[in-house]
Amino acid sequence: MSEVKDLVKKFIELDDDLNEKIEAVLDENEEIPESFEEENKEQIEELGEIYHDIEHSVFDEEFIIVSNANSEEKEIVALIISDEEDEAEEFVIPVFTDEEEANKAIEVFKEQFEENEFVCDKKIGNEIVADYAEDEEFIGLAINAPQWDFVIGGEDVHECCE
């Protein structure tokens, strides 16, 4: 299993747990007490550390990207994430940690865009980000979308500075 996939799974589990704690506190209180952050300091710090590890891991991880093979030039699938009222359409590039995750996503894409034929290629994270870095509407990479709701910002992907 890829390092990124392991890290994202761990991040999602910790984040879900923290969100459940927040919901429980809000069920009992109108707002989150100041003590909440101190009581959950270790978990909050661990989330930050894991996200930082993901920032580095994505840089040189090889991902599977999905393209629409029916267009004149192969066009990488992008997911629009902005609201309909927005002038600019912000988007993320879905990337996949293995063929199984890519195939799950392709099934979803086929339901939405029946007329398209999808193909997979492999590319390193920093190359994908570099390809779209000049585009002001590019937000980042959606890892194993649509199964997970995890986006790493394009500006966060960087080489480890050890």
Side-chain angles (χ1 to χ4, degrees), residues 1-20 43-162:
M1 189 181 291
S2 83
E3 181 181 6
V4 170
K5 187 172 185 175
D6 288 341
L7 289 168
V8 172
K9 275 185 167 182
K10 189 172 181 182
F11 183 93
I12 290 171
E13 288 170 7
L14 281 170
D15 191 51
D16 286 349
D17 181 59
L18 189 61
N19 286 329
E20 286 176 17
Q43 189 171 1
I44 293 167
E45 286 176 357
E46 187 176 3
L47 276 170
E49 289 169 11
I50 293 171
Y51 189 83
H52 185 73
D53 291 342
I54 293 169
E55 292 173 333
H56 294 300
S57 298
V58 168
F59 184 84
D60 55 12
E61 172 96 6
E62 184 177 66
F63 291 104
I64 296 173
I65 53 175
V66 177
S67 300
N68 173 7
N70 286 352
S71 58
E72 285 183 29
E73 288 185 33
K74 255 195 328 189
E75 186 177 291
I76 291 181
V77 171
L79 302 175
I80 307 298
I81 60 170
S82 50
D83 293 328
E84 290 178 20
E85 302 89 43
D86 294 340
E87 269 183 46
E89 288 192 325
E90 295 180 328
F91 66 95
V92 294
I93 301 294
V95 297
F96 305 96
T97 55
D98 57 44
E99 288 182 26
E100 182 182 335
E101 296 291 345
N103 289 332
K104 287 180 195 174
I106 287 171
E107 291 304 313
V108 173
F109 298 154
K110 281 182 179 178
E111 289 174 16
Q112 295 172 341
F113 311 103
E114 294 172 6
E115 70 282 359
N116 292 336
E117 186 175 324
F118 299 100
V119 294
C120 294
D121 295 302
K122 291 187 178 181
K123 208 163 192 181
I124 295 173
N126 68 332
E127 294 173 336
I128 300 168
V129 170
D131 288 347
Y132 293 90
E134 300 300 316
D135 192 327
E136 291 180 13
E137 280 78 47
F138 173 62
I139 300 296
L141 304 177
I143 299 172
N144 291 341
Q147 294 85 346
W148 295 350
D149 189 18
F150 188 86
V151 173
I152 178 106
E155 70 279 357
D156 293 337
V157 175
H158 59 276
E159 190 170 19
C160 194
C161 48
E162 292 180 300

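- Here the CG atom belonging to Asp135 is positioned 10.0 Å from the CD atom belonging to Glu90, to the nearest 0.5 angstrom.
- Rounding to the nearest 0.5 Å places CD1 of Ile54 at 12.0 Å from CG of Leu141.
- Rounded to the nearest 0.5 angstrom, Glu117 CD and Lys110 NZ are separated by 7.5 Å.
- Between Val77 and Pro94, the closest heavy-atom pair is O-CD, 3.0 Å.
- For the pair Phe63/Thr97, a side-chain contact is recorded, criterion being any heavy-atom separation below 4.5 Å from C-beta on.
- Here the closest heavy-atom approach between residue His158 and residue His56 is recorded as NE2-CE1, 2.9 Å.
- Taking the six-membered ring for Trp and thresholds of 30 and 60 degrees, Phe118 and Phe109 have ring planes inclined between 30 and 60 degrees apart.
- Note: Phe150 and Tyr51 have tilted aromatic rings, judged against thresholds of 30 and 60 degrees for the angle between ring planes.
- Counting only distance, with no hydrogens or angles, the side chain of Asn126 and the backbone of Glu159 share no donor-acceptor pair below 3.5 Å.
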Worksheet item: Between Glu100 and Lys104, does a salt bridge (Lys or Arg N to Asp or Glu O under 4.0 Å) hold up when you go through it step by step?
Response: CA-CA 6 Å; Glu100 182 182 335; Lys104 287 180 195 174; 3.8 Å; yes
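- There is no side-chain donor-acceptor pair under 3.5 Å between Glu49 and His52.
- In Gln112, the CD atom is crowded: over 12 heavy atoms of neighbouring residues, nucleotides or ligands sit closer than 6.0 Å.
- Here the CG atom belonging to Leu18 is positioned 5.5 Å from the CD1 atom belonging to Ile44, to the nearest 0.5 angstrom.
- The number of heavy atoms from other shown groups lying within 6.0 Å of CD (Glu62) is above 12.
- By the 4.5 Å heavy-atom criterion applied to side chains, Trp148 and Lys5 are counted as neighbours.
- Heavy atoms from other residues, nucleotides or ligands lying under 6.0 Å from CG of Asn19 number more than 12.
- Heavy atoms only, all atoms of each residue included: Val129 and Gly154 are closest at CG1-O, 3.6 Å.
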Discussion item. Side chain to side chain contact (heavy atoms under 4.5 Å, CB included) for Phe96 and Asn103? Distances and angles first, verdict last.
Written reply: CA-CA 9 Å; Phe96 305 96; Asn103 289 332; over 6 Å; no
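- Side-chain contact between Glu61 and Val95 is absent, with no heavy atoms from C-beta onward closer than 4.5 Å.
- Minimum interatomic distance between Leu14 and Gln43 (heavy atoms only, all atoms of both residues): O-NE2, 2.9 Å.
- A distance of 4.5 Å separates CD1 of Ile139 from CD1 of Ile81, quoted to the nearest 0.5 Å.
- For the residue pair Ala105 and Ala145, the shortest heavy atom distance occurs at CB-O, 3.3 Å.
- Residue Ile143 comes nearest to Val8 through the heavy atom pair CD1-CG2, 4.1 Å, listed as atom of the first residue, atom of the second, then distance.
- Ile93 contributes atom CD1, which lies 9.0 Å from atom CG of Asp131 (distance to the nearest 0.5 angstrom).
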